[in-house]
Amino acid sequence: MSAEIICVGTELLLGDILNSNSQFLAKQLAALGIPHYFQTVVGDNPDRIKQVVAIALERSAQILIFTGGLGPTPDDLTHETLASCFGVEMVQRPDILENLIQKYAAYGRPMTVSNRKQASIPAGAEILPNPLGTAPGIIWQPRPNLTILTFPGVPQEMYRMWEETAVPYLKAQGWGQDIIYSRMLKFWGISESVLAEKVAPLLDLTNPTVAPYALNGEVRLRVSARAPNETAAQAAIAPVQQQIQELAGFDYFGSDHDTLASVVGELLLQRGETLAVAESCTGGSIGSLLTAISGSSRYFLGGVIAYDNAVKIGLLDVNSEDLAREGAVSDIVAQQMALGVRSKLGTTWGLSVTGIAGPGGGSQTKPVGLVYIGLAGPSSEVESFEYRLSAFQERDSIRHYSAEGALNCLRRKMLRIA
């Protein structure tokens, strides 16, 4: 007993269009508590669409949700192919045709012969109205224990049709009695494999379930519960989340919509403290992450992009002799950058980054991916942290990881001295 999502369109296979419809539908099915194990993208080809339908039926899917292929052009074949799958005729519906005529008149555009194609649907199917566009979908039960819903590929049209018609219909059919609610727990500074080992016994739970993910330096655990409502699901998730946080310690930094920048901001607000940043290889990335948070001006005063050594010396008071001896990418320069920006901007904390983002500029002793983070605190104490990010070959990845790594160093420091 499950639903499957089938997205029709050669443009999806070619990567010309991002398939956001499947993500939307997956979340909506979870909100209704409808099991969903497979998604398929298939081109505008009747034979392959039939193969996809046959495979879904072999898997005992009870709900097939189609997006795409409902337009007026010759390659829009979803309804015709479905009719052929189940051995029924296509019939032109006068009510759909009249609705199309009215819509085109309202648009001030002529309705061509090809547009009349959208008025035909498989015999026995009901209309799934499209208030925003011309292509209607269908709700169809071609055989017992099977419901087919079709939607146009245009996301805004599909969203509206889903919310106004599909959801009430599914609930009326007895679906959506339970919900599947998830909370995403986020971690930084720990690998997916190490975190999985720490929480290994919890990965075998059945309700709630726990599943790991990794994303560009950040590791996540999705905790999902099936329950009659969100309150009951949250209650089921809470003790599991607490156990995970205790096992992970400082590596856990937040959940759901939390980011390292937002968590650092909350800590600074709670403590009544301020921050300034000095960035070399990240080129303003830390400042960008911080200022993406509404209200960050209450704790983030500003920063210096000290890309050239002359800026490090002239604006941040980095010692020229240390710079010449140790190089710009060194722990002592990172420390002096942090102290300098803290002093110049008069903040509680100074945070700095200097490194080699590549692809050029590395050496045997200082390879691409070598990064130093400097952190100057309330009493002018200063420390530095070394990262070797050679595994992140792309420049953008090194810059992003360095910026988030700097914020994570500050977060962990504030938690330790809280």
Side-chain angles (χ1 to χ4, degrees), residues 186-189 217-218 250-308 310-319 322 328 330-355 371-387 399-418:
K186 300 181 178 182
F187 309 81
W188 215 98
E218 182 179 299
F250 285 133
D251 291 324
Y252 169 81
F253 74 83
S255 63
D256 295 333
H257 301 297
D258 290 335
T259 65
L260 281 166
S262 69
V263 170
V264 164
E266 285 298 320
L267 288 171
L268 289 167
L269 281 175
Q270 292 169 13
R271 299 159 64 99
E273 296 176 342
T274 54
L275 170 66
V277 299
E279 303 186 56
S280 183
C281 69
T282 48
S285 297
I286 303 175
S288 178
L289 292 171
L290 289 165
T291 55
I293 308 301
S294 177
S296 56
S297 60
R298 291 175 290 174
Y299 50 81
F300 177 57
L301 272 59
V304 175
I305 301 177
Y307 219 57
D308 189 86
V311 178
K312 294 180 178 70
I313 296 169
L315 289 183
L316 299 176
D317 295 333
V318 172
N319 185 283
D322 291 335
S330 59
D331 56 355
I332 192 167
V333 168
Q335 291 179 17
Q336 290 178 18
M337 288 172 64
L339 283 168
V341 79
R342 176 184 176 276
S343 174
K344 295 291 185 179
L345 273 68
T347 54
T348 314
W349 296 92
L351 184 63
S352 71
V353 179
T354 180
V371 174
Y372 289 95
I373 294 169
L375 180 60
S379 303
S380 296
E381 73 277 13
V382 63
E383 55 189 313
S384 60
F385 309 86
E386 179 184 294
Y387 284 91
R399 283 158 51 89
H400 177 79
Y401 194 100
S402 301
E404 292 214 325
L407 290 171
N408 191 56
C409 288
L410 175 57
R411 177 188 68 89
R412 293 176 69 108
K413 181 68 173 180
M414 286 192 288
L415 289 174
R416 284 196 172 97
I417 64 174

Check: Going by distance alone, is a donor N or O of one side chain under 3.5 Å from an acceptor N or O of the other, for Gln336 and Asn319?
Finding: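 Checked: Gln336/Asn319 side chains show no N/O donor-acceptor pair below 3.5 Å.
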Does a side-chain heavy-atom distance below 4.5 Å link [X] with [Y]?
X: Asn408; Y: Arg411; value: yes
X: Thr274; Y: Leu268; value: no
X: Leu275; Y: Thr347; value: no
X: Phe250; Y: Leu415; value: yes
X: Met414; Y: Val264; value: yes
X: Ile286; Y: Val353; value: yes

Would you say [X]'s side chain and [Y]'s backbone share a donor-acceptor pair under 3.5 angstrom?
X: Thr259; Y: Ser262; result: yes
X: Arg399; Y: Cys281; result: yes
X: Thr282; Y: Ala403; result: no
X: Ser384; Y: Ala334; result: no
X: Ser296; Y: Ile293; result: yes

Minimal non-hydrogen separation, [X] against [Y], with atom names:
X: Ser402; Y: Val371; result: OG-CG2, 3.3 Å
X: Met337; Y: Ala306; result: CE-CB, 4.5 Å
X: Leu407; Y: Leu260; result: CB-CB, 4.3 Å
X: Lys312; Y: Ser280; result: NZ-OG, 3.3 Å
X: Val311; Y: Ile305; result: CG1-O, 4.2 Å
X: Asp256; Y: Lys186; result: O-NZ, 2.5 Å

[atom1]-[atom2] distance between [X] and [Y], expressed to the nearest 0.5 angstrom:
X: Lys413; Y: Leu267; atom1: NZ; atom2: CG; answer: 14.0 Å
X: Glu383; Y: Gln335; atom1: CD; atom2: CD; answer: 8.5 Å
X: Ile313; Y: Asp322; atom1: CD1; atom2: CG; answer: 10.0 Å
X: Phe300; Y: Leu289; atom1: CZ; atom2: CG; answer: 10.0 Å

Notebook entry, point to check: Among all residues two or more places apart in sequence or in another chain, which pass the ring pair (Phe, Tyr, Trp, His ring centres under 6.0 Å) test with Tyr372?
Noted result: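 By the ring pair (Phe, Tyr, Trp, His ring centres under 6.0 Å) rule, Tyr372 matches no residue at all.
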Check: Which pairs, with at least one residue in residues 272-295 and sequence neighbours excluded, count as a salt bridge (charged side-chain N to carboxylate O under 4.0 Å, His left out)?
Finding: Arg271-Glu273
Checklist line | Asp251 bridged to Arg412 by N-O distance under 4.0 Å | finding: yes
Notebook entry, point to check: Under 4.0 Å between a Lys/Arg side-chain N and an Asp/Glu carboxylate O for Lys344 and Asp317?
Noted result: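 A salt bridge is present here (some side-chain N lies under 4.0 Å from a carboxylate O).
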Check: Checking side chain to side chain contact (heavy atoms under 4.5 Å, CB included) against Leu375, which of Val382, Leu339, Leu410 comes through?
Finding: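 The single option meeting the side chain to side chain contact (heavy atoms under 4.5 Å, CB included) with Leu375 is Leu410.
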Checklist line | Ring-ring centroid check Tyr401 Trp188, cutoff 6.0 Å | finding: yes
Item checked: side chain to side chain contact (heavy atoms under 4.5 Å, CB included) assessment of Leu269 paired with Arg298 -> CA-CA 8 Å; Leu269 281 175; Arg298 291 175 290 174; 3.6 Å; yes
